[in-house]
Novice: 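Below are the structure tokens for one structure; questions will follow.
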2 protein chains.
Amino acid sequence: MLSNACQYAIRSILYLSIHSNETKKIGVKVIADELETPQPFLAKLLQQLAKKKLVSSIKGPHGGFYLTKKNNENSLWDIVTCIDGTDKFDNCFLGLATCDDKNPCPVHFIVVPFKQKLLNDFRDKTIAQFTKEITLSGRVISLKDFNALKD
Amino acid sequence: MLSNACQYAIRSILYLSIHSNETKKIGVKVIADELETPQPFLAKLLQQLAKKKLVSSIKGPHGGFYLTKKNNENSLWDIVTCIDGTDKFDNCFLGLATCDDKNPCPVHFIVVPFKQKLLNDFRDKTIAQFTKEITLSGRVISLKDFNALKD
DNA sequence: CTCAAAACATAACAATTGTCATATTTTAAT
DNA sequence: ATTAAAATATGACAATTGTTATGTTTTGAG
Ligand code: FES
Ligand code: FES
């Protein structure tokens, strides 16, 4: 459903939301290592996100990526839009030209409610809300399970 | 979520379920034309499906593809398994190594119920049940909206 | 002012997926 | 038997996506 690229992007933003702020920037190397994602690929993605103001960054020594208060008010949906675009979510599950309740394909009424709910959650909840839940409930972002939450 | 290939496959099987039987076979050309899918690609897919006994076929003049009573008892899930494999449904939505309630990623509890429901519908309903609903409710398979249901 | 650490930019490369073309085999009709 | 219509098999080609490599620019530290 989501591309690899988008999955990496979401995880890295959530990571930054937990571990960074205006005074604590984090370099690509660290992020890639923590999330176990390919480093140069992630760098490219972070640059895309930076261009759309979904993450902040400064160059130079002790520079890096970080999330401002404002960055934290974006939604997961903004990330998906930035990296993957929204086609997969708008289009018919079976690839028909239009997807609406008037001309439903055989799986339309199975698929649409789910997509709707997913969309709402992704659009309505801010990154900040997500990270709050994450830190409270001990959910996972990295592949090396709980390490990311220990510090 | 589903690949192009899988979407074509599902639609063609549903089409065959409605329009074919042991005594009425349909050629690739007709199917591809009705569903507006690339013809050679669809041929390849139908051959994959035939190998796994999800569709029946005979060669020669007046040959073609068709669904037997038994073919009609398969599920949409069987098609997905045959064409795409099940990885996309089993794996974590954010690409983490494991996906279970014990080590949930931040979106786990949003995504899993939906996937579960979708999976159930795809696994439990037979092709025959789907086509019954389709013919009763006038749903769409082809891109040229209701034409496929007019005869 | 110089240097090095970082983001930024570009482009080369690889893998997967989707598409098309060609040739072979089977089978019914004549 | 011959022929033509179909599925089948194989492989070439294109497009997308994912990955890696190389070089440029910015900027803080000494
Ligand atoms: S018409 Fe197919 S999912 Fe809506
Ligand atoms: S752990 Fe990510 S979807 Fe289940």
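Chain A is the first sequence line, chain B the second, and so forth, proteins listed ahead of strands; every chain is numbered from 1.
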Novice: Of Lys59(A) and His62(B), whose closest DNA chain D nucleotide lies nearer the 5' terminus?
Specialist: His62(B)
Novice: For the pair made of NZ in Lys25(A) and P in dA5(C), what is the distance, rounded to whole Å?
Specialist: 18 Å
Novice: Where is the tightest heavy-atom contact between Arg139(B) and Ser137(B), given as atom of each residue plus distance?
Specialist: CG-OG, 3.1 Å
Novice: If you assign each of Leu42(A) and Gly63(B) to its closest nucleotide in DNA chain D, which residue comes earlier from the 5' end?
Specialist: Gly63(B)
Novice: In whole angstrom, what separates Gln47(A)'s CD from dA11(C)'s P?
Specialist: 14 Å
Novice: Reading DNA chain C from 5' onward, which residue's closest nucleotide shows up sooner: Lys51(A) or Pro61(A)?
Specialist: Pro61(A)
Novice: Give the rounded distance in Å between these two atoms: CD of Gln39(B) and C1' of dA5(D).
Specialist: 13 Å
Novice: Roughly how far, to the nearest 0.5 Å, is the NZ atom of Lys25(A) from the CG atom of Leu16(A)?
Specialist: 12.5 Å
Novice: Does dA6(C) have OP1 or OP2 under 4.0 Å away from a side-chain N or O of Ser57(A)?
Specialist: no
Novice: For Leu45(A) and dC8(C), what is the distance between atoms CG and C1' respectively, to the nearest whole Å?
Specialist: 14 Å
Novice: Measure all distances between protein nitrogen or oxygen atoms and nitrogen or oxygen atoms of nucleotides 17-19 of chain D, and list the pairs falling under 3.5 Å.
Specialist:
from    : atom 1 : to       : atom 2 : distance (Å)
dG18(D) : OP1    : Asn4(A)  : N      : 3.0
dT19(D) : O4     : Lys44(A) : NZ     : 2.9

Novice: If you take all heavy atoms of Leu96(A) and Ser142(B), which pair is closest and at what distance?
Specialist: CD2-O, 3.7 Å
Novice: Under 4.0 Å, heavy atoms only, any strand: does Leu46(B) hit a base, just the sugar-phosphate, or nothing?
Specialist: nothing
Novice: Would you kindly give the CD-to-P distance between Gln7(B) and dT17(C), to the nearest whole Å?
Specialist: 14 Å
Novice: Would you mind reading off the distance between Ile26(B) atom CD1 and dA7(D) atom C1', rounded to a whole angstrom?
Specialist: 15 Å
Novice: Report the distance from atom CG of Asp87(A) to atom P of dT16(D), rounded to the nearest whole Å.
Specialist: 12 Å
Novice: Closest approach of Ile134(A) and Ile141(A), non-hydrogen atoms and distance?
Specialist: CD1-CD1, 4.4 Å
Novice: Going by atom types alone, do Thr81(A) and Asp78(A) pair a side-chain donor with an acceptor below 3.5 Å?
Specialist: no
Novice: Can you name the nearest heavy-atom pair linking Gln39(B) to Val28(B), along with the distance?
Specialist: O-CG1, 3.8 Å
Novice: Rounding to an integer number of Å, can you tell me how far Lys29(B) NZ sits from dA4(D) C1'?
Specialist: 11 Å
Novice: Hey, mind stepping through Asn71(B) and Thr68(B) against side chain to side chain donor-acceptor pair (under 3.5 Å) and telling me if it holds?
Specialist: CA-CA 5 Å; Asn71(B) 292 142; Thr68(B) 63; 3.0 Å; yes
